[in-house]
Structure formats: structure tokens, C-alpha cells
Amino acid sequence: MKNLKSLTTLEDQAVTPPLAPAIDYRRELNPAQYEAVTTREGPVLVIAGAGSGKTRTLVYRLAYLVESGVPPWAILLLTFTRKASQEMLSRAAYLIDRQLHEVVGGTFHSVCHRWLRRYGNRLGYESGFTILDRSDQGDLLRLLREPLKIKAGPGQFPRKETIAELFGAIVNKNLPLETLLAQNYPQFEPQTGLLHQLYQLYQRHKREHQLLDYDDLLVEGKRLLEEHPDLRQTLSERYRYIMVDEYQDTNRLQAELVRLLAFCHNNVMAVGDDSQSIYSFRGANFRNIIDFPRLFPGTQIIKLEENYRSTQPILDLTNTIIAQAREKYTKCLFTRKKEGPKPHLLRTGSENEQSQLVCNLVAELQEQGVALHQMAVLFRAAFHSFDLEIELLRHQVPFMKFGGFKFMESAHIKDLLSYLRVVANPRDPISWNRLLQLVPGVGKKTSQKLLTLLKQEDFTLPSALAWLNAQKGSKQGLKSLAELLAQLNEPTLSPATQLNLALTHYEPILKTRFDDYPKRFRDLEHLVTITARYRQLGNLLNDLTLEPPTSLADVTQERGDYLNLSTIHSAKGLEWEAVFIIWAAEGRFPSSYSQDNEEDLEEERRLMYVATTRARHYLFILFPAVSYNRYLGTTYNEVSRFVQDLPDRILTKMRIDP
């Protein structure tokens with residue numbers, strides 16, 4: 001009780017006279033921003049449309065509260081990164097020429113950590129408890145598996161990283177283990193009972209040894225407020241002005257923490273955009289921002305609709321896309337930038353023609369003075385850019401990829417291509433070594449024996465196959481490999497057929513090497529679609545291994561002048577002069593996995609909204625009319641439903657013939 005008494009005394013003594021205003025808020029802000037900044041009391045929900053100055057509004061509200069006499073330590077700013085809170089506090093301090101160190105700003109996890117260090121003894125935690133990072137979690141889970149006598153063979157039980165992810169999702173998504181396994185790791189459903197035992201053992205071990213993982217900070221922070229009403233009262237009275245950034249990205253626990261903390265005054269300003277709620281896979285709950293007025297009766301809703309990023313033709317498109325959302329806060333973005341080119345919907349014949357068109361348009365924009373780093377290609381899934389990456393290398397266009405691996409850096413891509421590479425070049429030691437390491441029961445010694453044979457002058461693929469077939473005992477996998485390589489060496493086979501045969505052989509290996517093999521298998525299937533356009537294996541492998549010239553790489557490092565390739569999830573919060581959205585086709589965007597679930601489909605629509613609102617001046621949406629499917633062969637694509645029926649006055653539609 002001593003800590004609580006000193007805290008209350010501090011609050012009783014604190015009287016901060018209002019400062020002489022240093023800022024003309026009406027002049028600096030538009031009417032909606034001004035209303036949000038100067039509304040002090042009661043619950044406020046600020047629906048901040050894309051590019052509407054959300055951060056500026058939060059910064060000016062921090063300054064306004066302090067200038068109007070609110071003690072800095074009575075303000076709590078909750079953000080999703082430490083960097084974001086530090087930037088806001090720094091900008092607000094600059095505006096009013098006053099340090100704001102007393103404002104508590106940070107992530108939900110850091111604030112809960114602060115409470116637990118100070119008051120954790122109420123829950124049985126000593127002040128020196130240990131926080132486990134992901135690496136520590138993995139080490140602990142590995143140790144706890146031993147008493148359960150869990151076999152650690154490949155493919156039989158999740159890896160420690162996967163287990164940590166599953167246990168975190170139980171907390172953040174508020175879903176049972178059975179549901180999570182069915183959704184993401186069905187291959188481990190037979191291990192449900194053992195995983196339950198491990199989860200219970202993990203929780204008990206942490207409590208007994210004063211350990212908390214990252215997710216425990218939220219769980220125990222919430223428990224602290226729920227089980228100790230006097231502490232909840234004290235903290236709520238202290239933090240009389242609560243601001244939450246990116247509220248649409250909060251999970252269930254975070255929303256409950258805000259509700260508990262504000263119970264004595266309800267002075268909560270939640271800032272976010274329901275139309276940009278796209279992180280449900282991380283546990284973000286769309287319902288938090290939708291239900292905010294119900295949880296906080298009397299909520300004042302303020303909409304920031306003036307956009308400072310895009311031209312009006314782009315906003316006309318984005319407004320139309322999100323207007324079809326089933327559940328939303330209705331808003332209509334507008335800008336003073338009335339002029340600009342209409343967005344384009346471009347239909348190409350094939351995926352490679354889509355890639356070539358992007359390269360050509362990028363070159364045209366560069367000629368018009370748009371810098372390469374001011375352009376971005378966005379896509380729904382990381383593998384959608386694989387063909388484009390090959391084409392960019394061929395055109396010597398430097399690029400950086402954000403979200404997912406670069407195509408040729410992925411382990412599973414390298415694994416599959418190693419089959420074809422040893423056929424094309426039997427003296428390739430790197431590919432042979434990689435291929436042999438995939439075979440169960442084959443170690444470095446066996447691999448080294450074959451690598452020694454590569455040095456012989458008369459070494460050929462048939463001699464390698466003879467050596468593989470001559471191995472005895474546990475080397476049955478080598479015989480299977482030899483049979484496959486003999487098939488792949490048939491000169492009449494196309495590269496796509498060769499790759500299909502290799503994928504059939506590699507699929508069971510993939511399942512044992514990677515817990516997320518369904519996602520990686522989709523990558524490999526897409527590699528087959530890319531391969532379908534090649535007639536010669538050598539041409540395929542050459543294109544896949546092209547590297548930009550040294551001088552081009554130097555340009556990228558020195559000037560940062562590169563084309564941005566990004567998943568839409570990784571692009572949120574960013575903007576570029578020109579944006580290309582590729583693979584805007586049914587089954588790709590929206591994803592085929594979302595089409596049987598209305599909530600998932602709604603999130604896909606919000607993803608398209610986020611993608612289109614990244615563009616300042618130029619927006620191109622592309623899709624190939626024809627693609628190749630491993631099982632069905634040639635398939636015909638329909639344009640994404642999100643832009644399918646838009647009128648010509650909003651979207652210029654063009655068919656690009658080769």
C-alpha cells in the first residue's frame with residue numbers, strides 16, 4: 001500500500017496552470033483534426049482515413065492537453081512500437097518547447113511490464129522476475145519436452161518455434177489449441193493431447209520459476225487490474241487521459257486493458273481506421289473498433305476524411321472499393337489535389353506479360369522523372385512476385401523486397417531446383433550436396449564420397465546414378481533419388497514436366513523439413529507455373545540465377561534507388577508516387593482461402609483498400625487473363641471482384657496484347 005499512497009499524494013499535489021498557448025490550433029489543423037485535438041473529456045473515437053494526418057492529430061493533441069493544464073504524467077499514450085511513441089512525444093515537445101518525459105508512452109507490453117515490476121508481488125511475482133524472449137521460449141520448450149518423452153523425429157511433432165507461435169496464438173487470438181491446429185497445422189492434430197500436456201507444463205514451470213513470456217505481460221497486466229480494484233482505481237485516476245494509436249490493430253486483451261484502465265473517467269481517445277484492419281492473423285480483432293461506442297457509451301465519433309496523400313481520381317476509386325464493405329464507419333475521403341490520371345486496370349495475356357508490362361511502365365515513369373524508390377509493386381502473397389523478380393533481374397532493375405523471402409533466397413525453392421541443377425550440370429557440388437542432405441539417413445560422409453567422385457575426368461550423370469544405386473543398407477532413399485534423376489534426364493521432357501516430377505518426390509520431404517509446409521508448397525506450385533513458359537532447362541536455370549551487375553548493385557547501396565516490392569501487409573503506413581498492384585484476380589486477390597468465410601473476405605476487401613491508398617499520383621492494377629495450374633493446366637482468370645464492376649469514369653480498363 002505504500003506505493004499506492006505515494007502515487008496518490010503525488011496526484012493530490014500536482015496542479016499545473018495552463019500555459020500560454022504556443023500554437024494556433026485552428027490555423028494548423030483542419031476542422032476535423034481541430035475537433036479531435038481539442039476534445040478533452042469523455043470517450044472519443046477518431047476514424048482516421050488513409051493519409052488523413054492521424055499522427056499529426058495525436059501529436060497536436062498531446063501538445064494541446066499539456067498547454068491546457070493537464071499534468072504530463074496524467075497522460076498515457078499507447079502505441080504499437082516504441083519508436084512511434086518516442087516520435088510523437090518528441091514532435092509534441094518541439095511544438096510547445098517543453099520536455100515531455102513525464103508522459104507515459106509506449107506499447108501495451110511495456111506499460112504492463114512497468115506495472116508488474118512495481119506491483120507484481122500482488123500476483124506472486126518478485127520484482128526480479130525474468131522475461132523470456134522467443135529464443136528463451138524455444139529453449140525452455142525443448143527442455144520441457146523431455147519428461148513427456150516426445151519423439152523429436154522430423155515431421156512427428158512441431159518444432160519449438162512453431163510451438164511458441166501456437167501458444168502465443170492461444171492468448172492473442174483467444175482460440176483453443178484444436179482450432180489453431182485445424183486452421184494452420186492440420187498435420188499435427190494427432191499430437192493435440194501431447195501439446196495440451198506441454199502447454200500446461202509450460203505454464204506451471206513459468207509460475208514456479210518466476211518467468212514470463214511476452215504474451216504473459218498482457219495476461220498478467222490484465223489480471224492485476226481485475227483482481228485488485230484498489231490498484232485499478234489508483235492507476236485509472238492517475239492516467240486520466242488515455243490515447244491509443246492504431247486501435248483497429250488491438251487484440252482482445254489490449255482492448256480489455258483499455259476498458260479496465262479507463263473505468264473511472266472514460267477519457268479514452270482511440271484513433272484508427274476500421275478500413276485498415278488487416279492483421280487478424282496476428283490476433284487483431286476488427287470488432288474492437290466497431291464495438292468501441294458500445295463499450296464506451298456516449299462515444300463521440302470524429303472522422304478525418306481530408307486526405308493529404310493521393311489525388312482525387314485515386315480517392316474516388318478507394319472510396320468506391322470500401323463502400324461495398326458489409327460493416328464499416330461510412331466515410332468519404334477527399335483532397336484538394338483534384339487533378340491527376342485515373343487509375344488503370346490492365347489485363348495482360350499471361351503472368352510473364354504482366355511482369356514485362358510492369359518493367360515497361362516503370363521505365364516510362366522513370367523517363368518522366370519519377371525516381372525508382374518512389375515506385376512500389378504490391379501483392380497479396382509473397383510468391384505472387386516470383387515471376388516479376390526474374391523479369392526485373394533480366395531488365396537490370398534493382399529492387400528490394402519486403403514481406404516474405406526473395407524468391408531465390410527461400411530454402412524450399414533452392415531444394416527443389418537442386419534436382420534440376422544436377423541434371424543440367426552433374427558436376428555442380430553445391431546442388432549435389434544440398435540434394436543428398438535431403439535424403440533420410442544420408443549424412444555428410446556419404447555426401448562427401450560423391451563430391452569426391454565429381455573431380456574425376458570421366459564423371460557423368462549416369463556414373464553418379466550408378467554410384468547411388470550401389471549404396472546399401474539404409475540408403476534406399478538414394479536409390480529412389482537415382483530413379484527420379486534418371487527420369488529427369490530424359491531429353492524429351494519439358495522443364496515444367498521435370499519440375500512436376502521433382503515436386504512429387506520432394507513433397508514428403510518438404511512436410512518433414514518445414515512446419516509451415518502448406519504455405520511453402522503453394523510457393524513451389526507457383527514455381528511450376530513460371531516454368532511452364534520455358535522450353536529449355538538451361539534457359540530456365542539461367543533466368544533464375546541472374547544477378548544484377550556489380551555497378552547496378554552499387555547504385556542501390558549508394559543512392560538507395562531501387563524499386564520497392566512488398567506484400568500489402570508490409571506496405572501499410574507507407575506511400576509512393578506510383579503503385580502497381582499485381583495479380584488482382586479471383587483466387588489470388590481475394591485469396592481462394594477466404595472465399596468460404598465472409599469475415600475473411602471482408603478483410604481481403606480492406607487489404608485492397610490499403611493497397612490502393614498507398615498511391616499518391618499513379619495507380620495501376622494488373623492481372624493476367626491466363627495462367628498455368630499444376631493440376632488443371634491452362635486456366636483462365638477473372639478480375640478481382642473488388643474492381644470488377646467499377647465504372648469507366650473511375651477506372652480506365654485496358655487489355656494489353658503482346
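Model, not experiment: these values are computed from the prediction.
- Formation of a donor-acceptor pair under 3.5 Å by the N564 side chain with backbone atoms of H373 is found in this model.
- Within the 3.5 Å criterion, the main-chain N or O of L388 finds no donor-acceptor partner in the side chain of S385.
- At least one donor-acceptor pair under 3.5 Å links the side chain of R605 to the backbone N or O of I321.
- Every salt bridge (Lys or Arg N to Asp or Glu O under 4.0 Å) that K331 has, sequence neighbours left out, goes to D273, D274.
- Within the structure, no pair that satisfies the salt bridge (Lys or Arg N to Asp or Glu O under 4.0 Å) test touches residues 359-374, not counting sequence neighbours.
- The side-chain hydrogen bond (donor to acceptor under 3.5 Å, both in side chains) test applied to T330 returns no partner, not counting sequence neighbours.
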Sequence neighbours excluded and cut-off under 3.5 Å, please list the side-chain donor-acceptor pairs for residues 647-655, or say none.
unit_1: K653; atom_1: NZ; unit_2: L646; atom_2: O; d: 2.5
unit_1: R655; atom_1: NE; unit_2: D657; atom_2: OD1; d: 3.4

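- The minimum heavy-atom distance between T311 and T335, with the atom names listed, is C-CG2, 3.8 Å.
- Counting non-hydrogen atoms of other residues, nucleotides and ligands closer than 6.0 Å to CD of Q536 gives a total of 12 or fewer.
- Listed by first and then second residue, the salt bridge (Lys or Arg N to Asp or Glu O under 4.0 Å) pairs involving residues 522-536 are D387-R533 (not counting sequence neighbours).
- Closest approach of A496 to A532, counting heavy atoms only: CB-CA, 3.9 Å.
- The side-chain hydrogen bond (donor to acceptor under 3.5 Å, both in side chains) check on Y506 picks up D415, with sequence neighbours excluded.
- Sorted by first and then second residue, the salt bridge (Lys or Arg N to Asp or Glu O under 4.0 Å) pairs with a member in residues 333-345 read E306-R336; sequence neighbours excluded.
- Side-chain contact between V244 and V271: absent, with no pair of heavy atoms (C-beta onward) separated by less than 4.5 Å.
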Would K83 and E87 count as a salt bridge (charged side-chain N to carboxylate O under 4.0 Å, His left out) if you check the C-alpha gap in whole Å, the side-chain angles of each, and the deciding distance to 0.1 Å? CA-CA 6 Å; K83 180 182 177 182; E87 180 186 344; over 6 Å; no
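- Every residue was checked against the side-chain hydrogen bond (donor to acceptor under 3.5 Å, both in side chains) condition with Y609, not counting sequence neighbours, and none meets it.
- In this structure the side chain of E353 never reaches within 4.5 angstrom of the side chain of I656, judged on heavy atoms.
- No donor-acceptor pair under 3.5 Å is formed between the side chain of S410 and the backbone N or O of H412.
- When side chains are defined from C-beta on, V362 counts as touching V358, because their heavy atoms get closer than 4.5 Å.
- Below 30°, between 30° and 60°, or above 60°: for Y419 and H505 the angle between ring planes is above 60°, a perpendicular geometry.
- Annotation: side chain of L417 is in contact with side chain of L527 (closest heavy-atom distance under 4.5 Å).
- Between H384 and H526, the angle of the ring planes lies from 30° to 60°, which puts this pair in the tilted group.
- Under the side-chain hydrogen bond (donor to acceptor under 3.5 Å, both in side chains) criterion, Q248 pairs with E246, sequence neighbours left out.
- For residues 307-327, the salt bridge (Lys or Arg N to Asp or Glu O under 4.0 Å) pairs, not counting sequence neighbours, are R287-E327, R309-E575, R326-E598.
- In terms of heavy atoms, W583 sits closest to Q354 at N-OE1, 3.1 Å.
- Using a 4.5 Å cut-off on side-chain heavy atoms (C-beta onward), L346 and L361 make contact.
- Y329 places a side-chain N or O within 3.5 Å of a backbone atom of I289 that can act as its donor or acceptor partner.
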Would you be so kind as to tabulate the donor-acceptor pairs closer than 3.5 Å made by side chains of residues 50-58, with sequence neighbours excluded?
unit_1: S52; atom_1: OG; unit_2: G49; atom_2: N; d: 3.3
unit_1: S52; atom_1: OG; unit_2: G49; atom_2: O; d: 2.5
unit_1: K54; atom_1: NZ; unit_2: D245; atom_2: OD1; d: 2.9
unit_1: K54; atom_1: NZ; unit_2: D245; atom_2: OD2; d: 3.4
unit_1: R56; atom_1: NH2; unit_2: E28; atom_2: O; d: 2.9
unit_1: R56; atom_1: NH2; unit_2: E28; atom_2: OE1; d: 3.3
unit_1: T57; atom_1: OG1; unit_2: G53; atom_2: O; d: 2.9

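- Taking 4.5 Å as the limit, every side-chain heavy atom of M375 sits out of range of all side-chain heavy atoms of F399.
- Side-chain contact, T567 with S570: a donor N or O sits under 3.5 Å from an acceptor N or O.
- For R606, the salt bridge (Lys or Arg N to Asp or Glu O under 4.0 Å) partners at least two apart in sequence or on another chain are E603.
- Closest of all the heavy-atom pairs between L493 and T497 is CD2-CG2, 3.9 Å.
- Of all heavy-atom pairs spanning S431 and S418, the tightest one is O-CB, 3.8 Å.
- You'll find the side chain of W576 reaches within 4.5 Å of the side chain of L378, heavy atoms only.
- Closest heavy-atom contact between Q312 and L333: NE2-O, 3.8 Å.
- Of the possible donor and acceptor atoms, none in the side chain of S566 sits under 3.5 Å from a partner among the backbone N and O of I568.
- Rounding to the nearest 0.5 Å gives a distance of 8.0 Å between OG1 of T613 and CG of N307.
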